[in-house]
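One structure is given below, encoded as structure tokens.
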Amino acid sequence: MSQETTAHHDDHHAHHPTGMARWVFSTNHKEIGTMYLIFSLAMFLVGGAMALVIRAELFAPGLQLVNPEFFNQMTTMHALVMIFGAVMPAFVGLANWMVPLMIGAPDMALPRMNNWSFWILPFAFTLLLMTLFMPSGGPASGWTLYPPLSLQGGNSLAFVILAIHLMGISSIMGAINIIATILNMRAPGMTLLRMPLFVWTWLITAFLLIAVMPVLAGAVTMLLTDRFFGTSFFNAAGGGDPVLYQHIFWFFGHPEVYILILPAFGIVSEIIPTFSRKRLFGYTSMVYATASIAFLSFIVWAHHMFTVGMPLGAMLFFMYATMVIAVPTGVKIFNWIATMWRGSMSFETPMLFALGFVVLFTIGGLSGLMLAIVPANFQYHDTYFVVAHFHYVLVTGAVFAIMAAVYYWLPKWTGHMYNEKLGKIHFWWSTIWVNVLFFPQHYLGLAGMPRRIPDYAVQFTEFNMISSIGGFMYGFGQLLFVYIIWQCVRGGETANAQVWEGARGLEWTVPSPAPLHTFDTPPLVDDSVAVHKDNLS
Amino acid sequence: MAQSSYFVPSTAKWPIVGSVGLFFFALGAANWLNQGASGPWLFAIGVAIILLMMFGWFADVVRESQAGLYNEAVDTSFRHGMIWFIFSEVMFFAAFFGALFYARMFSVPWLGGEGTGAMTNALLYPSFEAVWPTHGPAQLGGDFQTIPGFGLPLLNTLILLTSGVTITMAHWALKRAQRGALIVWMIATIVLACIFLSIQSYEYVHAYRDLGLTLGSGIYGSTFFMLTGFHGLHVIIGTIILIIVTLRCAFGHFTKKNHFAFEAGAWYWHFVDVVWLGLFIFVYVV
Ligand code: HEM
Ligand SMILES: [Cu+2]
């Protein structure tokens, strides 16, 4: 385990650059974390604008605002931007900021590579987004890029594939860095089973990233050669199979959805104990549950393809394997609730978002279970029911957790308290409208409205209108979030090191705002610092 | 003090250079694929910038390493970095092996009428029989022959396995601080790598010219050339690594105890070796 003693920063001797150079050349985990978070917020707004185009078009039946081709570009780009541009970078940004602080490390293990992981992203997204301004338009085949459809589009395919390669390089390097940091940079005494859960979930997420991003790279490379170099991976005439693409893609895709949620589990596991003023219930079982979810995520991928005509045995296997994931997930939900049980709870904004997460993510998990039932899946696969499912797990799951994390750690980052009243308003506004936005989509799906279409039969009108209103209200409400952050960065009530009365862990032992360099001399960790060990009573 | 502390450079100029390079590389490649006139130029600029970045970055790291700025913990971080990088490469190859297995076990038999493929076969491709190798029911790319495994590929297998031995000999020499032997074994490894690459290139030319086997030869051509092609690319990268490591051996950069760059190169070489074994068995022989 960790053998390092102290850290040696070059800039203690040379002076630290300022202005743009400070950010472009940074090797500091806090600065790089900040850049990740800002980038993610920007992409959240870009992707959100695309979502509003979609919801505006779907407000009423018939084609009103955009042509179908552009509509399809919006659904495709919205997903790519949100998944790879908003949610993943947000988690990596949080990891950058918090993992070294939580394990008592002076910085990330590979600081230069850390800079590279981040700075690839703006270029990758330039490459992706510029396709929208090209004559043949952006990709319009859905974010899954299924052949043969994706091979029949315009010039965008090559750009999208290369952009995905760049994002993959960035993610893999980011993940390698996080694993190296967690395994090699822990302060003396910070044993694996003393690590905060956010660190644990990120360790496992990083493993998933390294395992599946290259598989995605392989899948899109095959698309590229099928389109441009005459290979036949996905062409039945040459002995290949379009369904092969779906297998490879979802072998990446399902672990990917866990990449999007495991760090969120970690965040919630940090916040609930703090505001319940209790230790986390069932720490070890949380670790094992996370590991089992990660393991299972590799053997359930075909639940995305029940309708393609797989052998019956395969369908049964993937159905049961998928349902088994509900067990470790249930363990987690149980532990969060048990943590709150008889705690002296208070409901600051991070806690509200964490609680919103627990309730609403569970709804998404349950609709996932419904989707996993093969005979039922035949009815609502590729309908708005699926859209409702993944938005419950991703928006009220991943995004809610990210917002909870931002409110939770913002005082540590800025040294100021955010405006609690506005934060609460933001929470309630978001929670109400996000349900108005997504809940009706369950009904639409059950009634048979397909996803990824710009027009629909008139009987779907009311629910679509409700959903669109929810979308616009939720969407514009997020500007409040931006304002709260901006206000908190600018000033506000001074935060002390502890920030939250019930908070535990090393990050609360450093001043707020956390100085540029922390833990140059590693702290000594024993049970009194370990997050989950109870010494409060 | 520098000896025992974790080295965190204050700034890094190479990553942003690398990002710009990757951007030009990707932009150029995409443009080129779409027949854009500027494509090849942008691509070339990108490659040049990336090479510059790699050269400059590694030079910095070598310099810092020689200056003794890295302690044991930094070394461990590098080791993690290399191991997990190789793991990611393994998963990249896994995608292509997966495609090969899927084609052989499922898609081709189904097209030939097995299992649920009965109607597909009867209605779409009545004359298609599932055999391997195949270029599919449409016989894409015309008639072709395959390269028999127990000829040059077997020789190549022996060459790569031998190179695995020679690099281990080099490592032993390094650990005994025998620089002469070290360099001889490294050169032997590099020579073997070059022979391997020459045989591979010969085989490609042979396949295209005489056997009618091309990238467009249906699923067989696709899996054959993509798997061996990506492997060949990795051998080239590995050979460059070996050459640089050998030069550093000659400059006396490594000590008995402290030679992570050597080990990383050796790990990479073994990885390339193991992938080849998989290729030999599943692409050429079985
Ligand atoms: C309780 C665990 C879960 C189960 C049982 C489950 C099950 C499923 C199933 C069966 C589908 C395929 C639906 C169809 O296309 O017919 C699906 C789709 C999806 N799920 Fe889940 N899911 C679970 C959790 C999650 C989580 C945690 C996330 C992400 C944070 C997620 C994200 C998605 C996405 C993005 C899709 C749609 C992909 C697409 O077709 O574009 N799911 N889920
Ligand atoms: Cu899934």
Side-chain angles (χ1 to χ4, degrees), chain A residues 2-11 14 16-17 24-27 106-107 109-112 115-116 119-120 123 127 155 158-159 162-163 165-166 172 176 179-180 183-184 210-215 217-219 222 225 228-233 236-241 244 247-248 309 311, chain B residues 1-2 4-16 18-20 22-23 26-27 29-30 33-34 57 69 71-73 76-77 80-81 84-85 87-89 91-92 94-96 98-99 102-103 106-108 110-111 115-116 134-138 140 215-216 218-222 226:
Chain A
S2 10
Q3 336 92 326
E4 87 278 3
T5 43
T6 55
H8 164 76
H9 297 274
D10 257 5
D11 51 292
H16 203 69
V24 174
F25 302 128
S26 177
T27 50
D107 206 302
L110 303 159
R112 271 189 278 239
N115 173 301
W116 201 20
W119 275 108
I120 287 176
F123 292 101
L127 210 58
N155 287 352
F159 288 86
L162 283 151
H165 278 309
L166 295 196
I172 291 169
I176 290 176
I179 291 197
L183 294 183
N184 187 37
I210 302 175
V212 301
M213 290 309 287
V215 175
M222 291 180 216
T225 57
F228 295 102
F229 298 100
T231 56
S232 311
F233 288 107
D241 187 352
L244 167 60
H247 280 291
I248 306 179
Chain B
M1 175 218 149
S4 62
S5 63
Y6 200 91
F7 177 74
V8 182
S10 70
T11 56
K13 60 177 180 298
W14 293 114
I16 188 71
S19 302
V20 173
L22 279 177
F23 179 66
L27 185 69
L33 289 170
N34 289 314
W57 192 330
L69 291 174
N71 64 358
E72 228 177 292
T76 310
S77 292
H80 276 293
W84 291 103
F85 167 64
F87 175 58
S88 79
E89 294 262 52
M91 293 308 290
F92 181 75
F96 289 89
Y102 183 89
F106 301 115
S107 68
V108 172
W110 285 340
L111 287 169
T116 51
T134 180
H135 45 181
L140 295 185
L215 195 55
I219 189 67
Y220 184 83
S222 311
M226 292 298 278

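All values derive from a computational prediction rather than experimental measurement. Naming convention: chains lettered A, B, ... in sequence-line order (proteins, then strands); numbering from 1 in each chain.
Closest of all the heavy-atom pairs between B:G81 and A:L110 is CA-CD1, 4.4 Å. Of all heavy-atom pairs between A:G218 and B:A95, the closest is CA-CB, 4.2 Å. Between B:A12 and A:T27, the closest heavy-atom pair is CB-CG2, 3.7 Å. Taking each heavy atom of A:P106 and B:Y6 in turn, the nearest pair found is CG-CB, 4.5 Å. Of all heavy-atom pairs spanning A:A158 and B:N34, the tightest one is CB-ND2, 4.0 Å. Closest non-hydrogen pair, B:H80 versus A:N184, comes out as CD2-CB, 4.0 Å.
The contact between B:L22 and chain A is made by backbone and side chain atoms together, counting heavy-atom distances below 4.5 Å. Both the backbone and the side chain of B:A99 come within less than 4.5 Å of a heavy atom in chain A. For A:N155, the parts sitting under 4.5 Å from any heavy atom of chain B are the backbone and the side chain alike. In this structure, the portions of B:F96 lying under 4.5 Å from any heavy atom of chain A include both its backbone and its side chain. Contacts between B:F85 and chain A at a heavy-atom distance below 4.5 Å involve backbone atoms as well as side-chain atoms. Using a 4.5 Å cut-off between heavy atoms, A:I248 touches chain B through its side chain atoms alone. For A:I172, the part lying under 4.5 angstrom from a heavy atom of chain B is the side chain only. At a 4.5 Å heavy-atom cutoff, the contact between B:W57 and chain A is made by side-chain atoms alone.
The one candidate from A:W119, A:W116, A:F25 that meets the side-chain contact (heavy atoms from CB on, under 4.5 Å) condition with B:P15 is A:W116.
Here the straight-line distance linking atom OG1 of A:T231 with atom CE of B:M226 works out to 6.0 Å at 0.5 Å rounding. The CG atom of A:L183 lies 10.0 Å from the OG atom of B:S77; values are rounded to the nearest 0.5 Å. Note that CH2 of B:W84 and CD1 of A:I179 are 4.5 Å apart. Values are rounded to the nearest 0.5 Å. From A:L166, atom CG reaches atom OG of B:S19 across 9.0 Å, with rounding to the nearest 0.5 Å.
Most heavy-atom pairs under 4.5 Å with chain B: of the set A:A219, A:A163, A:A236, this distinction falls to A:A236. Top candidate by heavy-atom pairs under 4.5 Å with chain A, chosen from B:A103, B:A26, B:G98, is B:A26. Ranking B:V108, B:T116, B:L215 against chain A, the residue ahead of the rest is B:L215, based on heavy-atom pairs under 4.5 Å. If you tally non-hydrogen atom pairs under 4.5 Å between each of B:G115, B:A29, B:S107 and chain A, the highest count goes to B:S107. With respect to chain A, the highest number of heavy-atom pairs below 4.5 Å among B:G216, B:A94, B:S222, B:A138 belongs to B:S222. Interface summary for chain A: among B:W14, B:F87, B:Y220, B:W110, the most heavy-atom pairs under 4.5 angstrom belong to B:F87.
The side-chain heavy atoms of B:L33 and A:F159, taken from C-beta on, include no pair separated by under 4.5 Å. With a 4.5 Å cut-off on side-chain heavy atoms, A:D241 and B:F106 do not count as touching. For the pair B:S88 and A:M213, the minimum side-chain heavy-atom distance is 4.5 Å or more.
A:A217 meets the side chain to side chain contact (heavy atoms under 4.5 Å, CB included) test with A:H165, B:F92; sequence neighbours excluded.
Ring-plane geometry between B:F23 and A:F123 is classed as tilted, the angle between the planes lying from 30 to 60 degrees on a 0 to 90 degree scale.
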